[in-house]
Amino acid sequence: MNELQTKAKRLKEAAKTLAIRSANEKNEALAMVADALMEQKEWILQENEKDVALGKEHGLSPALIDRLQLTDKRMMQMVDGVRQLIKLPDPIGETVEEWTRPNGLRIKNIRVPLGVIGMVYEARPNVTVDAANLCLKAGNAVLLRGSSSALHSNKALVHVMKQALKHSSIPTDAIQLLEDTSRETAQQMFRLNEYLDVLIPRGGASLIQSVIQNATVPVLETGVGNCHIFIDESAQKQMAIDIVLNAKIQRPSVCNAVETVLIHENWPYVSELFEALHNQGVELRGDHTLASSYSFVHQANETDWSTEYLAPILAVKLVKDVKEAIQHIDQYGTKHSEAILSEDDKNVNLFLQSVDAAVLYHNASTRFTDGEQFGYGAEIGISTQKLHARGPMGLRALTTTKSIVYGTGQIRL
């Protein structure tokens with residue numbers, strides 16, 4: 001039995017125990033994990049530096065290095081995320097709905113864990129902590145399959161978390177890291193229906209598509225973020241500038257950063273917006289009119305409209321009205337996060353009703369598409385599909401339901 005099968009089998013057994021643990025028991029375990037991560041922070045950062053050094057040596061892009069890098073601040077954010085989870089209500093056992101039939105049968109739908117979750121992700125060590133602890137709080141065992149570029153970091157994080165669980169009532173086998181990051185083993189994982197109940201891919205388009213196309217295990221799909229902001233004719237100048245700057249440069253390498261800004265052709269503050277972006281080092285790629293009008297705006301090509309840059313690069317385009325903006329988003333968007341900046345209620349309502357995306361914004365940055373910002377605590381990912389869960393996926397997205405039927409001797413006639 002190879003590493004994958006051995007660890008998956010352990011997870012299946014651990015899931016049975018974990019599913020019946022109380023909220024207090026799970027919260028105590030999470031508190032131990034948070035404390036252990038803080039106590040071992042310096043060692044974890046040292047192990048992370050090994051991955052960062054190797055990543056630079058192998059030519060990883062600045063965006064991927066940024067995702068890979070752990071810092072004191074990011075460690076604190078991870079630990080804070082775990083502690084926030086402790087404060088959140090435990091969804092397991094929650095009554096979703098309850099009713100009584102005319103024959104006296106009382107039917108109740110309650111939340112239960114999904115079981116064993118296979119998490120497939122790229123060079124983001126924070127996902128290791130977020131995913132593991134979200135799964136534990138929701139009563140799920142988890143198989144973590146990160147990328148080879150983060151292996152030192154992931155091994156350190158999982159080691160610390162498992163050591164912490166030894167002092168709790170949660171089985172240590174409830175968290176497993178697949179250290180074999182080969183493509184062949186990944187393909188086996190995608191078909192491990194005997195042990196895995198669901199797969200959640202989190203990363204770039206190629207990773208997500210690889211899981212979707214090759215898996216026989218059900219997939220809870222997360223999506224890439226080719227996010228748009230439409231600046232309507234009535235948009236306030238400073239609000240629009242502040243929101244676009246935040247959505248682009250606050251952290252360019254994440255999926256909720258804006259990649260294309262669509263601007264109403266009559267909005268009078270295009271120059272001020274572009275100067276603000278240019279002064280912040282953002283490379284602008286625009287349509288013919290904009291590229292002809294501004295020396296620092298490069299001519300965009302067709303692929304620019306569909307690219308998730310994950311870098312300080314922004315596509316910009318003039319449109320004649322909200323309908324043209326909606327058409328552009330419909331053609332190039334990835335159903336992640338889309339925003340309209342406008343004071344026109346009619347245009348706002350049309351945009352919100354017509355655009356098909358997991359999260360829509362009016363006069364706010366797309367950077368808020370995040371489990372913590374939504375009040376869910378740490379997130380497992382952003383779902384862009386329409387079944388089971390959509391948008392930032394917190395605890396409830398990691399549950400399913402079962403029906404309990406209470407009778408008094410009824411038989412079906």
Side-chain angles (χ1 to χ4, degrees), residues 3 6-51 70-92 113 115-119 121 124-146 150-179 371-372 376-380 394-395 398:
E3 180 202 358
T6 299
K7 290 183 174 179
K9 186 176 181 180
R10 290 175 182 169
L11 285 163
K12 195 73 171 178
E13 289 303 311
K16 297 173 185 176
T17 303
L18 182 56
I20 59 174
R21 288 290 178 253
S22 69
N24 285 339
E25 289 173 312
K26 289 184 286 186
N27 287 338
E28 287 171 1
L30 292 178
M32 292 176 187
V33 167
D35 290 344
L37 288 170
M38 286 304 300
E39 290 168 5
Q40 298 295 322
K41 181 182 70 170
E42 294 306 319
W43 176 62
I44 292 168
L45 291 176
Q46 289 172 14
E47 293 300 297
N48 176 250
E49 276 303 316
K50 295 178 183 178
D51 288 328
L70 290 178
T71 62
D72 279 336
K73 181 180 179 181
R74 290 181 183 178
M75 284 293 299
M76 285 298 299
Q77 288 173 336
M78 287 194 298
V79 172
D80 286 346
V82 178
R83 290 183 172 146
Q84 285 176 32
L85 280 175
I86 296 171
K87 300 174 185 177
L88 295 175
D90 186 349
I92 301 306
V116 181
I117 294 174
M119 191 74 196
Y121 54 106
R124 294 186 65 171
N126 63 297
V127 176
T128 302
V129 174
D130 292 349
N133 291 286
L134 271 162
C135 287
L136 290 183
K137 175 82 177 195
N140 300 293
V142 60
L143 177 61
L144 301 162
R145 194 277 185 186
L151 188 57
H152 289 96
S153 308
N154 291 339
K155 286 171 70 174
L157 290 165
V158 170
H159 174 77
V160 170
M161 290 189 289
K162 287 173 75 75
Q163 288 297 113
L165 292 182
K166 285 183 178 179
H167 306 288
S168 77
S169 61
I170 303 301
T172 58
D173 280 342
I175 302 175
Q176 298 288 348
L177 175 69
L178 185 59
E179 297 181 21
E372 182 179 352
Y376 299 160
E379 71 188 27
I380 202 82
L395 291 172
L398 298 178

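Computed from heavy atoms alone, side chains included, the values below leave out hydrogens, waters and symmetry copies. Computed from a predicted structure; not experimentally measured.
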Closer than 3.5 angstrom, by distance alone: can the side chain of [X] be matched with the main-chain N or O of [Y] as a donor-acceptor pair?
X: Asn154; Y: Gly146; result: no
X: Asn140; Y: Leu398; result: yes
X: Glu3; Y: Glu179; result: yes
X: Asn48; Y: Leu70; result: yes
X: Arg21; Y: Ile170; result: no

Roughly how far, to the nearest 0.5 Å, is [atom2] of [Y] from [atom1] of [X]?
X: Leu143; Y: Lys7; atom1: CG; atom2: NZ; value: 8.0 Å
X: Leu136; Y: Leu85; atom1: CG; atom2: CG; value: 9.5 Å
X: Glu28; Y: His167; atom1: CD; atom2: NE2; value: 14.0 Å
X: Glu49; Y: Ser153; atom1: CD; atom2: OG; value: 9.0 Å
X: Leu18; Y: Glu25; atom1: CG; atom2: CD; value: 10.0 Å
X: Gln176; Y: Arg10; atom1: CD; atom2: CZ; value: 6.0 Å

What are the two closest non-hydrogen atoms of [X] and [Y], and how far apart are they?
X: Ser22; Y: Asp90; answer: C-OD2, 4.5 Å
X: Ala138; Y: Lys26; answer: C-NZ, 4.5 Å
X: Ala15; Y: Ala141; answer: CB-CB, 4.0 Å
X: Pro171; Y: Ala14; answer: CG-O, 3.8 Å
X: Leu11; Y: Val142; answer: CD2-O, 3.4 Å
X: Ala19; Y: Ile92; answer: O-CG2, 4.5 Å

Can you check whether Ser168 reaches Leu30 side chain to side chain, under 4.5 Å on heavy atoms?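 No, too far: nothing below the 4.5 Å cut-off.
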Any heavy-atom pair between the side chains of Met119 and Val127 that's under 4.5 Å?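 Val127 reaches Met119 side chain to side chain.
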Presence of salt bridge, Lys50 and Glu47, under 4.0 angstrom: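 Salt bridge flag = yes for Lys50 with Glu47.
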As a quick check of understanding, evaluate side-chain contact (heavy atoms from CB on, under 4.5 Å) for Asp173 and Thr17, giving each step before the final call. CA-CA 10 Å; Asp173 280 342; Thr17 303; over 6 Å; no
Under 3.5 Å donor-acceptor pairs involving side-chain atoms of residues 31-45, not counting sequence neighbours:
unit_1, atom_1, unit_2, atom_2, d
Asp35, OD1, Arg83, NH2, 2.9
Lys41, NZ, Asp72, OD1, 3.3

Would Ile380 and Asp130 count as a side-chain contact (heavy atoms from CB on, under 4.5 Å) if you check the C-alpha gap in whole Å, the side-chain angles of each, and the deciding distance to 0.1 Å? CA-CA 7 Å; Ile380 202 82; Asp130 292 349; over 6 Å; no
If you look only at distance, which donor and acceptor atoms sit under 3.5 Å apart when one is on a side chain in residues 157-165 and the other is two or more places apart or in another chain?
unit_1, atom_1, unit_2, atom_2, d
Lys162, NZ, Thr172, O, 2.8
Lys162, NZ, Ile175, O, 2.8
Gln163, OE1, Lys166, NZ, 3.0

Consider only side-chain N and O atoms of Lys137 and Asn27, and report whether a donor and an acceptor are under 3.5 Å apart.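 Result is yes, a qualifying pair exists.
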Within 6.0 angstrom of Lys12 NZ, more than 12 heavy atoms from elsewhere: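 Counting other residues, nucleotides and ligands, NZ of Lys12 exceeds 12 neighbours.
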